[in-house]
Amino acid sequence: MMRSCDTMREDFSALLDGELTPFEQAEIEAHLSECSECLRILGGMKKVDDLYRALEPAVAPGDFEERLKQRLRPKVRLFTGRRMATRRIWLLAAAGLIAVLSLFLMRMQTPSPDHMQLTRAQEPPTAPKGGLMTEAEMARPMPPPPAPLAVAEPAATADTHTEALPEQAAAAPASPPRADMPQPEVHGDGVAMQYPVRTSALGGARAPQKMPIQHVGPRAFTLVEGVWREEGYAGEPATPLLRQSEEFHALCERHPDLPAIAALGPTVIFRLEETWRQIETPADTAGH
Amino acid sequence: MVLLKEARSRSDADLVEQCQAGDDAAFDELVRRYKDRIYGVVFRFLGNRDDALDVAQEAFVRAYRGIHGYAGQASVSTWFFTIAANLARNRLRDQHRKGRDKSASLEATADGGSGIATTRETPRSLAQRRELEESLDACLDALPEAQRLVFVLRVFDGLRYEEIAACAGCAEGTVKSRLNQARRRLGDCLKARGVM
Ligand SMILES: [Zn+2]
């Protein structure tokens with residue numbers, strides 16, 4: 001029985017893509033030899049392919065691997081001997097930074113209950129024997145931040161992160177997971193929300209000398225005179241952005257990296273495309 | 001250098017196995033092999049370089065973290081593409097949910113602008129592309145997400161239907177019909193713009 005033009009056309013893509021059996025292909029080709037309308041339609045589809053294939057190939061930026069390595073295995077290793085393969089590596093780095101700082105301060109015989117508490121609270125989950133951190137490890141909830149320090153960081157940290165991180169959504173496969181194939185894992189953890197950073201309490205000015213560079217995602221920050229500056233900043237005017245301001249909260253909603261950037265220290269200068277912004281702590285909480 | 005050459009002669013599956021045994025260099029080699037392909041399709045799908053970079057990187061991060069869960073059921077490339085496709089689709093939905101332009105990022109709010117302000121940030125227009133490229137981009141953008149995904153996987157990377165089906169989480173027959181619809185829709189769109 002001859003197939004209609006409509007059913008023939010359903011197979012045109014498969015014909016172009018070489019996904020038909022020889023029999024199906026022969027059948028369609030026979031039809032095309034005597035149906036100019038189908039031939040025209042097929043020609044149009046072929047033309048679409050040709051136009052798109054003629055586009056210059058999009059290749060990964062030259063620093064793709066370097067950026068990825070930094071994401072997978074940051075050079076700033078605060079917990080040497082452990083491989084912590086996680087997108088949240090910088091979170092742990094921030095925790096480690098604070099821990100090191102606390103120890104340093106304690107050694108300087110200026111013990112502070114806050115700092116000690118902080119050190120314990122921000123101990124990162126222990127990496128499993130295999131080196132890679134499992135989801136269970138990642139999901140192990142971190143202790144809540146100590147109350148005395150909570151004032152230093154706005155509620156923004158907890159509130160905005162829950163909603164703001166697209167990775168949370170990205171982790172859930174859009175389609176039902178196939179049994180035969182590993183899928184991106186679903187994170188119900190929310191552990192990433194608990195940024196173990198209270199740097200506004202500890203201060204950029206007192207940040208350790210040995211660690212002048214921090215990374216947040218692909219961005220690199222250097223500590224200069226108590227101010228964390230994003231790479232490329234050369235003293236241009238920077239528009240202030242107050243923590244706890246409405247604008248700050250709105251930006252956190254839209255930009256998942258912002259809380260981590262803000263957590264680098266009391267004052268952070270970073271780039272929003274062509275604009276430099278300076279994150280500042282409102283005067284009434286800066287001293288806490 | 002010798003090690004590098006050695007790595008390049010290994011199969012994907014070997015590299016995964018070595019990575020599972022703790023050899024990070026093996027994973028680096030996998031990244032070298034697939035970064036352009038992954039980035040390329042994600043970029044065509046999202047239409048935005050910043051997002052494409054972020055999603056492509058995240059795909060490798062997920063793969064690295066989940067490397068012990070990979071047991072060779074699918075090819076390594078299909079596995080990478082599946083992760084990337086899921087992340088890219090979710091990125092797109094996230095953007096839609098926020099009701100923002102594809103290039104949505106901080107600057108629109110920072111500049112106090114509306115959605116229009118983001119126009120200047122759209123990489124597609126930023127570089128003053130030729131009219132043809134803009135039409136191609138616009139028509140691709142206008143495709144429904146599911147059709148766009150199969151189209152970019154097929155046309156920009158040449159994946160087979162079986163592989164596309166695995167990445168998209170649908171049947172091969174669905175891949176075929178989506179590709180058919182995508183091509184016809186793109187044809188109509190390009191004709192309307194005087195490109196075809
Ligand atoms: Zn016909």
Counting only heavy atoms closer than 4.5 Å, note whether B:Leu190 contacts chain A via side chain, backbone, both or neither.
side chain
Is it the side chain or the backbone of B:Val155 that comes within 4.5 Å of chain A heavy atoms, both, or neither?
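For B:Val155, backbone and side chain are both near chain A.
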Between [Y] and [X], is the closest basic N to carboxylate O distance under 4.0 Å?
X	Y	value
B:Glu29	B:Arg10	no
A:Arg277	A:Glu247	yes
B:Asp94	B:Arg97	yes
B:Arg93	B:Glu145	yes

Which bit of A:Leu241 comes within less than 4.5 Å of chain B, counting heavy atoms only: side chain, backbone, both or neither?
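For A:Leu241, neither part sits under 4.5 Å from chain B.
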Taking a cut-off of under 4.5 angstrom between non-hydrogen atoms, the residues of residues 15-25 of chain A near chain B are A:Leu16, A:Asp17, A:Glu19
For the cysteine pair B:Cys139 and B:Cys189, state whether the SG atoms are less than 2.5 angstrom apart.
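Cysteines B:Cys139 and B:Cys189 qualify as a disulfide pair, their SG atoms being under 2.5 Å apart.
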For residues A:Phe12 and A:Arg9, determine if any side-chain heavy atom of one lies less than 4.5 Å from a side-chain heavy atom of the other.
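Answer yes - side chains close enough.
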What residues, two or more places apart in sequence or in another chain, satisfy side-chain contact (heavy atoms from CB on, under 4.5 Å) together with B:Glu172?
B:Tyr161, B:Glu162, B:Ala165
Flag the one option from [options] with the top tally of heavy-atom pairs under 4.5 Å to chain A.
options	value
B:Arg37, B:Lys176, B:Gln57, B:Arg160	B:Gln57
B:Arg154, B:Met196, B:Gln181, B:Lys191	B:Arg154
B:Val41, B:Leu179, B:Ile38	B:Leu179
B:Asp36, B:Asn180, B:Leu53	B:Asn180

Is there a ring-ring contact (aromatic ring centres under 6.0 Å, His included) between B:Phe60 and B:Phe80? Walk through the geometry before answering.
CA-CA 7 Å; B:Phe60 285 113; B:Phe80 281 155; 5.3 Å; yes
Could you tell me whether B:Arg178 sits above the aromatic face of B:Phe151, with NZ or CZ closer than 6.0 angstrom to the six-membered ring centre and within 45 degrees of the axis?
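Geometry flag: not set, cation outside 6.0 Å or 45°.
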